[in-house]
Structure formats: C-alpha cells, structure tokens
Amino acid sequence: QVQLVESGGGLVQAGGSLRVSCVPSGRTLSILAIAWFRQAPGNEREFVAGLRWSGGTPYYGGSMRGRFTISRDNAKNTVFLQMNSLQPEDTAVYYCAASSGVTYSSEQNRYNYWGQGTQVTVSS
C-alpha cells in the first residue's frame with residue numbers, strides 16, 4: 001500500500017501563487033506515476049498535472065499549462081505543485097494520486113492511491 005499526504009492548501013487572492021505538497025509513504029517502490037487532480041463543488045474531478053515516477057517531462061491539463069508546475073524533490077521524498085496566476089476558477093480540493101499500474105495517464109481511474117485532498121481557495 002501507498003499512503004499520500006497533501007499539505008499547503010489555503011486562501012490566496014486572484015493573481016497570487018501557492019504551492020501544495022504531497023509526501024508518499026509505504027510501498028513507494030511500486031509507484032510508476034504520480035499526479036495532481038482537482039475537484040470543485042459540483043464538478044467532476046479534473047486532471048491537473050502528472051509526472052513519471054522515474055523522471056521525464058511532466059504533462060499538464062489544458063488550462064493549467066503555463067501556470068502550474070509539478071516537480072519532485074527526491075531528497076525530500078516530496079512532490080510539489082507550484083500554482084501561479086491563480087484565478088477564482090482554480091478554487092477546488094486538490095488531490096495527489098499515485099499509480100502502480102501505468103507510467104503515464106491523465107485518467108483518474110488509472111490511479112489506485114489517493115490522498116485526502118487539500119483545499120485551495122482563490123478569492124477575487
């Protein structure tokens with residue numbers, strides 16, 4: 001099993017920045033891909049960004065490309081999502097997810113481990 005713990009959410013004004021973190025634990029050697037998803041009230045869960053656990057080029061959901069950056073700090077065993085130029089429509093619960101089955105996917109059903117989520121609220 002893999003456990004994922006997110007942190008770093010909060011309230012920020014429009015145009016501001018925020019960084020959320022995800023720390024995996026447990027059977028981390030089984031992780032092939034890690035990603036961030038988000039879900040706003042009344043909306044379906046949406047892919048934000050993903051990263052092959054072995055490294056390589058990150059990939060992003062359309063509206064996040066150019067504003068968000070996913071990265072991994074191996075020394076700290078932490079995955080970050082840096083969010084810049086935040087807008088009220090970015091308000092959502094942000095979830096960290098890990099897959100032991102695929103190295104690349106933007107589909108939530110390919111991820112078998114999920115964190116509890118961290119709330120990000122962007123005020124106008």
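Just so you know, residue 1 is the first one in the sequence shown, and it goes up from there. From a predicted model like this one, the values you see are computed outputs, not experimental measurements.
Note on residues 14-46: pairs passing ring pair (Phe, Tyr, Trp, His ring centres under 6.0 Å), not counting sequence neighbours, are F37-F47, F37-Y111, F37-W114. Among pairs with a residue in residues 43-57, those fulfilling salt bridge (Lys or Arg N to Asp or Glu O under 4.0 Å) read R38-E46, at least two apart in sequence or across chains. Residue pairs meeting the ring pair (Phe, Tyr, Trp, His ring centres under 6.0 Å) criterion with at least one partner in residues 64-97, sequence neighbours excluded, are absent. Annotation: disulfide bond (SG atoms under 2.5 Å apart) contacts involving residues 23-62, sequence neighbours excluded, are absent. Within the structure, every pair that satisfies the salt bridge (Lys or Arg N to Asp or Glu O under 4.0 Å) test and touches residues 60-89, not counting sequence neighbours, is listed here: R67-D90.
Counting all heavy atoms, side chain and backbone alike, S123 lies closest to P88 at C-CG, 4.4 Å. Of all the heavy atoms in L51 and P58, the pair that sits closest is CD1-CG, 3.8 Å.
Listed by chain and number, the residues in a side-chain hydrogen bond (donor to acceptor under 3.5 Å, both in side chains) with T91 amount to none (sequence neighbours excluded). Legend: residues meeting salt bridge (charged side-chain N to carboxylate O under 4.0 Å, His left out) with E6, ordered by chain and number and at least two apart, are absent. Q119 pairs by the side-chain hydrogen bond (donor to acceptor under 3.5 Å, both in side chains) definition with T121, not counting sequence neighbours. When the salt bridge (charged side-chain N to carboxylate O under 4.0 Å, His left out) test is applied to R110, no partner is found at least two apart in sequence or on another chain.
Looking at N112 and S99, their side chains come closer than 4.5 Å, going by heavy atoms from C-beta outward.
Note that CD of Q82 and CD1 of I70 are 12.5 Å apart. Values are rounded to the nearest 0.5 Å.
By the criterion of side-chain heavy atoms lying less than 4.5 angstrom apart, applied directly or through intervening Ile, Leu, Val, Met, Phe, Trp or Tyr residues, Y60 is grouped together with I34 in one hydrophobic cluster.
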Review item, side-chain donor-acceptor pairs of residues 7-31, under 3.5 Å, at least two apart:
unit_1, atom_1, unit_2, atom_2, d
S17, OG, N84, OD1, 2.9
S30, OG, R27, O, 2.6

Given W53 and V79, is the side chain to side chain contact (heavy atoms under 4.5 Å, CB included) satisfied, shown in steps?
-> CA-CA 10 Å; W53 194 243; V79 178; 3.9 Å; yes
